[in-house]
*Asks:* 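Below is the structure I would like to discuss, written out as structure tokens.
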Amino acid sequence: GAGVSQTPSNKVTEKGKYVELRCDPISGHTALYWYRQSLGQGPEFLIYFQGTGAADDSGLPNDRFFAVRPEGSVSTLKIQRTERGDSAVYLCASSRSGQSNSPLHFGNGTRLTVT
Amino acid sequence: KQEVTQIPAALSVPEGENLVLNCSFTDSAIYNLQWFRQDPGKGLTSLLLIQSSQREQTSGRLNASLDKSSGRSTLYIAASQPGDSATYLCAVPSSNTGKLIFGQGTTLQVKP
């Protein structure tokens, strides 16, 4: 079956612009996570959805970042007034139950470059 | 605050060698510890998950151990192959969810 799909795979935008990153999780997975990975670093947690609701958004760096999952499947990460420091790979992952022993399945990420 | 560290950042070995990757964490109250593999330009693939009550897990040529009291885990790779070249990341949950705290990773190169 299909894995986690993220689009676009690459996004180049100018400083100050708005961007949306999309994640299609594995069908039936109730939990969805967004992480951000800078070069040479491990992923850093941004936000976690259980169903349609954000169960934990403590990793969002500031109010320019927002994510939604209106129907409990596809999620969109939205970044307003992008800054060069937002450049990173944004990874999405899903799991069946959301518990820590439920395997996470990661997408290939969206590489965001802010010029 | 939980911190996860992996040393070294990079490792290069000849094909066929057995090797050990290290992971340390500061707070021993963990639910589990996971090892992931990341190929360039790709997402993460889960390799092994060790529950807090377990000492080790094995999958093929991979063996992961966990010593909670000392805050350490090791990933042992037997008879390394060039196809094992990748970045290996360890992670622990900060709660009983998939909200993980990752180490910086060890980038492994296995030379033919």
Side-chain angles (χ1 to χ4, degrees), chain A residues 2-10 21 23-26 29-51 53-60 88-111 113, chain B residues 1-10 21-25 27 29-54 57 59 66 73 75 86-108:
Chain A
V4 177
S5 175
Q6 292 188 247
T7 54
S9 55
N10 282 282
L21 312 179
C23 173
D24 277 278
I26 292 173
H29 280 194
T30 61
L32 185 147
Y33 303 82
W34 285 98
Y35 286 84
R36 178 168 73 172
Q37 186 174 27
S38 300
L39 192 63
Q41 301 296 315
E44 293 181 321
F45 169 81
L46 294 176
I47 186 169
Y48 153 51
F49 287 91
Q50 184 64 255
D56 185 340
D57 65 357
S58 61
L60 295 177
V89 175
Y90 289 81
L91 294 166
C92 176
S94 69
S95 70
R96 187 173 298 279
S97 75
Q99 291 197 315
S100 63
N101 61 356
S102 181
L104 281 180
H105 299 263
F106 280 84
N108 286 337
T110 294
R111 181 175 298 278
T113 304
Chain B
K1 179 187 172 186
Q2 177 75 272
E3 293 182 2
V4 180
T5 304
Q6 292 183 251
I7 296 174
L21 305 181
N22 296 296
C23 172
S24 61
F25 46 95
D27 186 346
I30 60 172
Y31 289 93
N32 57 58
L33 184 141
Q34 301 182 47
W35 283 93
F36 293 86
R37 168 182 173 142
Q38 186 174 32
D39 291 288
K42 301 293 185 181
L44 282 65
T45 300
S46 179
L47 296 174
L48 290 164
L49 185 152
I50 313 176
Q51 300 287 1
S52 62
S53 58
Q54 296 176 317
Q57 275 284 357
S59 176
L66 176 63
S73 175
L75 180 66
T87 296
Y88 292 82
L89 295 136
C90 67
V92 296
S94 66
S95 59
N96 192 15
T97 69
K99 177 182 177 182
L100 301 180
I101 300 171
F102 284 87
Q104 310 92 315
T106 295
T107 298
L108 172 66

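Below, chains carry the letters A, B, ... as their sequence lines are ordered, and counting in each starts from 1.
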*Asks:* Examine whether an atom of B/N96 lies under 4.5 Å from a heavy atom of chain A, and if so say whether it belongs to the side chain, the backbone or both; otherwise answer neither.
*Replies:*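 When you check distances to chain A, atoms from both the backbone and side chain of B/N96 fall under 4.5 Å.
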*Asks:* Using non-hydrogen atoms only, which part of B/L44 is less than 4.5 Å away from chain A: side chain, backbone, both, or neither?
*Replies:*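 Backbone plus side chain of B/L44, per the 4.5 Å heavy-atom cut-off to chain A.
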*Asks:* Is there a side-chain contact between B/Q38 and A/P43 in this structure, where contact means two heavy atoms from C-beta onward sitting under 4.5 Å apart?
*Replies:*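 Answer no - side chains too far apart.
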*Asks:* Under a 4.5 Å cutoff for heavy-atom pairs, which residue among B/K42, B/K99, B/Q51 has the most contacts with chain A?
*Replies:*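 Among the listed options, the one with the most contacts to chain A is B/K99.
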*Asks:* Which bit of B/Q6 comes within less than 4.5 Å of chain A, counting heavy atoms only: side chain, backbone, both or neither?
*Replies:* neither
*Asks:* What part of B/S94 lies closer than 4.5 angstrom to a heavy atom of chain A: side chain, backbone, both or neither?
*Replies:*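 Contact with chain A: none, neither part.
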*Asks:* Name the member of B/A9, B/S46, B/G41, B/G43 that forms the most heavy-atom pairs with chain A at distances under 4.5 Å.
*Replies:*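 With the most close heavy-atom pairs to chain A, the winner is B/G43.
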*Asks:* Looking at B/G103, B/P93, B/G98, which one has more heavy-atom pairs under 4.5 Å with chain A than the rest?
*Replies:*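 It is B/G98.
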*Asks:* By side chain to side chain contact (heavy atoms under 4.5 Å, CB included), which residues pair with A/S9, not counting sequence neighbours?
*Replies:* none
*Asks:* Heavy atoms under 4.5 Å from chain B: which residues of residues 101-111 of chain A carry them?
*Replies:*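 Those residues of residues 101-111 of chain A which have a heavy atom under 4.5 Å from chain B are A/N101, A/L104, A/F106, A/G107, A/N108.
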*Asks:* Heavy-atom count check: over 12 atoms from other residues, nucleotides or ligands less than 6.0 Å from A/Q50 CD?
*Replies:* yes
*Asks:* Between A/Q37 and chain B, with a heavy-atom cut-off of 4.5 Å, which part of the residue counts as in contact: side chain, backbone, both or neither?
*Replies:*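 Side chain of A/Q37 only, per the 4.5 Å heavy-atom cut-off to chain B.
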*Asks:* Would you confirm whether A/Y35, through its side chain, and B/L100, through its main-chain N or O, come within 3.5 Å as a donor-acceptor pair?
*Replies:* yes
